[in-house]
Structure formats: C-alpha cells, structure tokens
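Inspection log for the structure reproduced underneath, given as structure tokens.
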Amino acid sequence: MTSKAIAAQADLHHQYFLGLQLMVAVEESKQTVFDWMFRLFRRQHEDKFLSSFEKLGLAGQPHAVACAKYHVLSNGMGGVAVEYMEESDTKAWVRFRYPRWMYAGPAICGIPVEASRGFIYGWYAQNGVSLGNPRLGYVCVSEDVTGQFGLCGYFKEYDHDLSDEERLVFAPDERPPAFDPAVQPAPPASEWSEERLAKANRNYAMEYVRNGLRALIEVVGQTRALHLAKHAARLTGLQNYQAMAAAIDATDAGPEAAAHFLVSMFEGLGDACEIQRLDEGGIAVVQDSLRIVRGLEADLRPDLLACWNELWRGAIHAHRTFMNVTYEPQGDGQIWTIRPV
C-alpha cells in the first residue's frame with residue numbers, strides 16, 4: 001500500500017462527498033439538505049464521539065475543554081484546520097479556518113446554510129447529551145456559508161440544566177479570544193504515526209461517503225438516493241481521473257493500463273487485487289476484502305457498492321482510449337472486466 005495511493009483515496013472520497021452535497025443541493029429542497037445533514041452528523045456523532053475519547057487522550061478532562069479539543073484533533077486527522085482557544089474549564093472555543101474542507105473551493109457558493117445548520121444541530125447540540133451532562137451546550141458565533149469568519153463557537157458548561165432549545169444557541173456578535181499556537185492540542189505521538197494519520201485522513205473521508213448514503217436513503221428513499229449518488233459518483237470519477245493518475249503515476253492508455261490504475265488505487269485501501277488477462281485484449285481485476293463496505297450492514301452493502309463502483313467506471317471512461325468496464329460480485333469481493341470498444 002503506497003502513501004501516494006492512500007492520499008489519492010482520501011482526496012477522491014472527499015471530492016465525492018462534496019459532489020454529492022452539491023447534487024442534493026441542486027436537485028432537492030433546502031429542508032431535505034438540512035434533514036440529510038442532520039441525520040448524517042447525528043450518526044457520525046453516535047458512531048465516533050465517545051468511542052474516540054480514550055484514543056485522543058481526552059478522558060477525564062473537563063467536558064467543555066474535552067469537546068473543543070476533540071473537534072480540533074479529530075478534524076485535524078482528516079486534514080481539516082481547526083483552532084482551539086480555552087477560556088476556562090467550563091468554556092472552550094473552536095474555530096474552523098477557511099478554506100473549509102466540507103465545502104472545498106468555489107463549491108462553497110453552492111451550499112445552502114441549511115447544510116451547516118444540520119451539521120451543528122446533528123453533532124454539536126448533542127455533545128452534552130452523549131456525555132450525560134445536562135449543563136453542557138454549544139454557542140455558535142459564526143457559520144461557514146454565511147460570509148462570516150468560518151464555523152466558530154464555544155462549548156460552555158452552565159450552572160443549570162439546559163432545555164433542548166438551550167443546548168445550541170447563536171450569538172453572532174461574539175468573538176473568540178486570541179489564538180495561541182503554543183496550546184494547540186495534538187494526538188498522542190506514541191500512538192499516531194505518520195502512516196496511521198494518513199490512513200485516518202483517508203478513513204475520515206470514506207466514513208462521510210458510507211454514512212452519507214445511508215442518511216440520504218433515510219431522507220429521500222432508496223430509489224432517489226441511489227439515482228443521485230450514482231450520478232455524483234460517475235461525475236466525480238470522470239472529473240478526478242487525471243488528478244488520481246498524476247498522483248500515482250498511472251498511464252492513460254488501454255485496458256491493461258486501466259487495470260493497473262485500479263490495482264494501484266485499490267492498494268490505497270488495502271484491498272487485495274489480482275490482474276488476469278482475457279481473450280481479445282480484455283483484462284480482469286479480481287478485488288478482494290473491500291474496505292469500503294467492511295463492517296457495513298448487509299442490507300446497505302449492495303447499495304453502497306452500486307454507487308461507489310460508479311467512481312471507478314467514471315475514471316476508466318475518462319481515459320483517452322474508449323473502453324467498456326463491468327463488474328460482478330465474487331465472494332467477499334468483486335471482479336472488474338475491462339475490454340476495448
């Protein structure tokens with residue numbers, strides 16, 4: 001597994017998640033965008049928040065401080081720049097800096113504010129609940145797509161129990177304290193090697209794709225969700241092939257070159273692959289132990305693969321040589337067949 005392929009996989013899944021957000025924003029209502037983001041980030045929260053405290057060295061710290069540090073550390077592993085400012089044990093700030101990973105480049109102009117609100121309500125408003133602390137809330141002072149200064153706010157432990165409405169409030173006139181680089185949290189160096197951080201970056205983007213499709217199905221139904229997710233995946237593969245090829249030194253040629261491209265990229269996931277030569281210039285790639293669906297519920301696996309495979313179909317169709325590419329399941333993996341047209 002090469003570091004270049006790991007990084008290329010992280011970038012591809014980031015681009016796919018971004019493309020899917022734009023697709024939903026264009027094709028569906030703003031309320032749908034909110035509902036989707038709320039479900040996605042509530043699930044991400046339930047899957048990752050408490051289970052990561054020990055890994056990040058946050059157990060036993062004051063809740064407001066631990067929550068702020070959590071967001072700096074976890075996002076930093078995904079390549080997201082977040083700053084930490086601590087006022088006291090009961091009040092600690094986070095500020096996401098531009099450019100925003102979630103809405104990279106000019107794509108931020110096509111994201112409605114409902115996406116950001118779904119994110120904040122789905123995750124930040126739930127921290128106190130998950131920690132069993134009814135006095136812990138979040139105060140949002142700036143958002144991403146509103147033209148302010150990035151997602152920013154503070155976790156605060158009040159002196160009274162909060163109602164549901166009080167766990168998240170907006171205070172756009174407040175400003176964070178000065179940034180101090182000397183007090184920024186860092187993951188335990190003994191547990192987080194450079195290679196592990198690179199894989200965490202890749203997995204960070206992949207989890208948004210996995211959970212994003214599940215949440216979208218819950219909001220718009222299976223048929224509509226698969227239509228949107230397949231189309232976004234196909235476009236993402238077409239649009240990003242050149243960048244992937246450059247990252248892993250792939251050659252833009254016929255079926256054999258395309259097969260080697262797939263194998264090199266799948267190595268960035270740790271998937272085992274084998275190339276087989278077929279008649280009439282065809283090539284087969286046998287892909288085993290698919291990381292993208294590892295640990296996924298059986299009922300979601302075929303839906304996710306149907307969408308995810310469009311990334312690679314798109315990438316192969318972006319080659320200069322015209323080729324036909326198909327896939328079929330085999331055991332715990334699948335077989336890709338690439339033939340000249």
Side-chain angles (χ1 to χ4, degrees), residues 1-17 19 198-199 202-203 205-207 209-210 213 226 229-296 298 300-341:
M1 186 188 310
T2 68
S3 58
K4 290 182 179 179
I6 293 172
Q9 286 286 3
D11 184 62
L12 176 68
H13 287 87
H14 176 200
Q15 294 298 320
Y16 179 33
F17 180 57
K199 291 178 180 178
R202 175 201 63 196
N203 296 343
M206 289 174 62
E207 280 302 304
V209 171
R210 284 161 52 107
L213 178 62
L226 294 186
K230 285 180 180 180
H231 190 37
R234 181 65 173 262
L235 291 175
T236 301
L238 288 162
Q239 186 78 341
N240 286 276
Y241 165 70
Q242 296 290 352
M244 288 186 284
I248 62 170
D249 301 318
T251 302
D252 186 350
E256 185 160 352
H260 282 286
F261 163 77
L262 288 181
V263 170
S264 295
M265 285 298 298
F266 293 155
E267 285 180 351
L269 299 175
D271 294 356
C273 294
E274 176 187 349
I275 290 179
Q276 299 175 351
R277 286 168 177 79
L278 308 174
D279 58 359
E280 300 180 351
I283 300 286
V285 174
V286 181
Q287 180 188 14
D288 289 323
S289 305
L290 305 177
R291 176 176 292 275
I292 189 64
V293 293
R294 196 172 299 171
L296 206 62
L300 186 61
R301 178 184 170 115
D303 288 344
L304 179 59
L305 277 179
C307 300
W308 187 76
N309 283 344
E310 288 300 306
L311 286 170
W312 309 108
R313 285 167 52 84
I316 291 177
H317 284 299
H319 282 65
R320 180 173 287 112
T321 301
F322 291 99
M323 292 174 276
N324 182 41
V325 55
T326 59
Y327 60 88
E328 58 181 317
Q330 176 177 279
D332 291 332
Q334 54 189 4
I335 300 177
W336 296 88
T337 302
I338 308 170
R339 293 186 179 277
V341 175

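For the single chain, residues carry numbers from 1 onward in sequence order.
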Mind checking the [atom1]-[atom2] spacing from [X] to [Y]? Nearest 0.5 Å is all I need.
X: M244; Y: Q9; atom1: CE; atom2: CD; answer: 8.0 Å
X: K4; Y: D249; atom1: NZ; atom2: CG; answer: 4.5 Å
X: H319; Y: I338; atom1: NE2; atom2: CD1; answer: 8.0 Å
X: T337; Y: M323; atom1: OG1; atom2: CE; answer: 13.5 Å
X: I248; Y: E267; atom1: CD1; atom2: CD; answer: 8.5 Å
X: T251; Y: R320; atom1: OG1; atom2: CZ; answer: 11.5 Å

Find out whether [X] and [Y] are in side-chain contact, i.e. whether some heavy atom of one side chain is under 4.5 Å from a heavy atom of the other.
X: V263; Y: F266; value: no
X: W308; Y: L213; value: no
X: E310; Y: T236; value: no

Nearest heavy-atom pair of [X] and [Y]: which atoms, and what distance?
X: R291; Y: R210; answer: O-NH1, 3.8 Å
X: R301; Y: G331; answer: NH2-O, 4.5 Å
X: A318; Y: L238; answer: CB-O, 3.7 Å
X: S264; Y: A5; answer: O-CB, 3.3 Å
X: A229; Y: C307; answer: CB-SG, 3.5 Å
X: V293; Y: L305; answer: CG1-CG, 3.8 Å

Check: [X] side chain, [Y] main-chain N or O, donor-acceptor pair, under 3.5 Å:
X: N240; Y: A315; result: no
X: Y16; Y: M206; result: no
X: R313; Y: V325; result: yes
X: D288; Y: A272; result: no
X: R339; Y: D279; result: yes
X: H14; Y: A10; result: no

Apply side chain to side chain contact (heavy atoms under 4.5 Å, CB included) to the pair E207 and H13, showing each step before the final yes or no.
CA-CA 9 Å; E207 280 302 304; H13 287 87; over 6 Å; no
Counting only heavy atoms from other residues, nucleotides and ligands, does the tally under 6.0 Å from [atom1] of [X] exceed 12?
X: Q239; atom1: CD; result: no
X: D332; atom1: CG; result: no
X: H260; atom1: NE2; result: yes
X: R294; atom1: CZ; result: yes

Less than 6.0 Å separating the ring centroids of Y327 and W312?
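No.
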Quick one, R277 with I283, criterion side chain to side chain contact (heavy atoms under 4.5 Å, CB included). Give me CA distance, side-chain angles, the key distance, then yes/no.
CA-CA 5 Å; R277 286 168 177 79; I283 300 286; 3.6 Å; yes
Run L262 and I316 through side chain to side chain contact (heavy atoms under 4.5 Å, CB included) and show every step you take.
CA-CA 9 Å; L262 288 181; I316 291 177; 3.6 Å; yes
